[in-house]
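Computed from a predicted structure; not experimentally measured. Order of appearance sets the numbers: ligands from 1, and atoms from 1 within every ligand. Start at 1 with the first residue, then count along the sequence.
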Amino acid sequence: MKRTHRLLSIVLASLSWSCAALASDKPAAPTLRQAAGDRMLIGAALMSNQLDDPRRAKFIAEQFNSLTAENEMKPDQLQRERGKFTFENADKIVDFADKHGMTVIGHTLVWHNQSPAWMYTDEKTKQPLSREAALENMRGHIHGVMNHYKGRVKGWDVVNEAIGDSEPYLRDTPALKAIGDDFVIKAFQFAREADPEAELYYNDYNIEANYKRPKALRLLKELKDAGVKVDGVGIQGHWLIDNSNAKEIEEGIKAYADLGLKVMITEMDVDPLPRRQGGGADLSATEREGLDPYKNGLPDDVQQKLAARYRDLFATFLKYPQITRVTLWGTDDGHSWLNGFPVRGRTNHPLLFDRDLKPKPALEAVIQTLQTGTSQTGAKR
Ligand code: G3I
């Protein structure tokens, strides 16, 4: 009996070995980071507490070569109280990136959201501060943050979402009220002063769209006419699964590329869930309720549709050497703001990895496109 038993275990062992041998011959699928190579930065937005989980930290360092703080570099996180900077959480992300040879993008120095009231508004009277007082606060914040990260952050979203959707031009914000129409110009001037080596970007959503693009082009022209050097434009890329705006996206990319600027897709996600409104990140466009059809996972036909959308978008990006970075707005479906927007508490699937960090068909589509695209264009990031 014993002899047959030993024979059996030998046979089984050799069988599993040969399977392993066979499996190991099949080259492991390249990671997103490997597929992007040095053609472009491929990044993700995250919160520093995501790095506490070793498995997740390993996944992030393997798949991405660039990181953006989803919230922890915003004004209300770095200087909630005037003159008191709190860099701890953001430093964790930058230290991790340094350790794993990843590039950090700073998001964001001037924004109407997630900014402490004292920066542009008199907290007693609730009236806008004087131009001088508001400029001093803006300059103090920009210098305080950029000095702290000098040489460790490749580029900054200096101003985020200053252009209005319904307004004829600039969005009505506390900074606009206190400083005036040139607040964007002043912000870029302060940023250039603070760190002449850092790249400086204007970042916004839907600026590829026909209704908003002319306003963004006007702003970029005004910055240029004011002698302000802008290094790049960030198209956030909060898009929907239907590809009705594919042509508009390409025309938008081309319009900014033709200005000789770097063009970056800075907050990419593709929403497969139904919405009443279009894409973008107009936070006032919340919806009280909405269908939540994929609580138990994305059906295969929708997975394939999502993969096709990501494939087409990346194929477009690779046609433009000016596109130097694509950042996904989240590391995986479980860490996406779209689980809470525009309807709270839905189960969304807008990214390349599922909640178990498993690759989705969309990831394969992006990797294949990157592999073919990078061999053709040969452009550098
Ligand atoms: O930190 C507080 C926590 O203390 C509190 O317990 C919790 C409960 O409400 O809220 C936490 O703050 C949340 C913060 O994210 C950090 O998680 C805010 O409520 C929540 O509104 C905030 O959402 C962020 C949103 O910007 C705010 O505007 C999203 O995570 C972030 O993905 C999103 O990112 C923006 C980009 O910066 C700019 N473009 C659009 C994009 C999507 O809105």
### Query
Hey, are D182 and R131 close enough for a salt bridge, meaning a charged N less than 4.0 Å from a carboxylate O?
yes
### Query
Taking 4.0 angstrom as the limit, do R82 and E136 come out as a salt bridge?
yes
### Message
What verdict does the side chain to side chain contact (heavy atoms under 4.5 Å, CB included) test give for H349 and K360, after you've listed the backbone C-alpha separation in whole Å, the side-chain angles of each residue and the deciding distance to 0.1 Å?
### Response
CA-CA 10 Å; H349 311 268; K360 294 160 68 177; 3.7 Å; yes
#### Entry: Protein heavy-atom partner closest to atom 16 (C) of ligand 1 - residue, atom, separation in Å
N71 ND2, 3.7 Å
### Task
Pick one of side chain, backbone, both or neither for how N160 approaches ligand 1, counting any non-hydrogen atom pair under 4.0 Å.
side chain
### Test of proximity, E267 against ligand 1: N or O pairs below 3.5 Å
yes
### Query
What about Y120 and F183, are their ring centers closer than 6.0 Å?
no
### Query
Any protein heavy atom lying closer than 4.0 Å to atom 11 (C) of ligand 1?
no
## Note on the structure
So for Y205 against ligand 1, with non-hydrogen atoms under 4.0 Å, the contacting part is neither
### Query
Which atoms of ligand 1 have any heavy atom of Q236 under 4.0 Å away?
38 (C), 39 (N), 40 (C)
### Query
W111 near ligand 1, heavy-atom distance under 4.0 Å?
yes
### Message
Any protein heavy-atom neighbour for atom 39 (N) of ligand 1 (distance below 4.0 angstrom)?
### Response
yes
### Task
Identify the residue among D91, D98, D195 that makes a salt bridge (Lys or Arg N to Asp or Glu O under 4.0 Å) with R152.
D98
### Task
Indicate whether atom 24 (C) of ligand 1 is within a distance of less than 4.0 angstrom of some protein heavy atom.
yes
### Query
When you measure from atom 27 (C) of ligand 1 to every protein heavy atom, which one gives the shortest distance, and what is it?
Q114 OE1, 3.2 Å
### Query
Can you check whether H148 and F87 have ring centres sitting under 6.0 Å from each other?
yes
### Message
Quick test of your reading of the model: are D242 and R309 salt-bridged, counting only N-O distances below 4.0 Å?
### Response
no
### Nearest protein heavy atom with distance in Å, relative to atom 1 (O) of ligand 1
Q77 NE2, 4.9 Å
### Protein contact to atom 31 (C) of ligand 1 [nearest heavy atom, distance to 0.1 Å]
E70 OE2, 3.4 Å
### Query
Is there at least one protein heavy-atom neighbour under 4.0 Å from atom 42 (C) of ligand 1?
yes
### Message
Is atom 33 (C) of ligand 1 touching the protein, meaning some protein heavy atom lies under 4.0 Å away?
### Response
yes
### Message
With the threshold set strictly below 4.0 angstrom, can you tell me whether any protein non-hydrogen atom sits that near atom 29 (C) of ligand 1?
### Response
yes
### Query
Any non-hydrogen protein atom below 4.0 Å of atom 20 (C) of ligand 1?
no
### Task
Check whether any side-chain heavy atom of K74 sits under 4.5 Å from a side-chain heavy atom of W111, and report yes or no.
yes
#### Entry: Side-chain donor-acceptor pair present, N348, S336, cut-off under 3.5 Å
no
### Query
Any protein heavy atom sitting closer than 4.0 Å to atom 3 (C) of ligand 1?
no
### Message
Less than 4.0 angstrom from a charged side-chain N to a carboxylate O is my criterion; do K254 and E250 meet it?
### Response
no
#### Entry: Distance filter under 4.0 Å to A281 heavy atoms, resulting ligand 1 atoms
40 (C)
### Message
What I want to find out is whether R355 reaches D332 closely enough, with some N-O distance under 4.0 Å, to be called a salt bridge.
### Response
no
#### Entry: Residue K221 excluded, over 12 heavy atoms near NZ under 6.0 Å
no
#### Entry: Geometric N/O contact H107 with ligand 1, under 3.5 angstrom
yes
### Query
Do K74 and ligand 1 have an N or O pair less than 3.5 Å apart?
yes
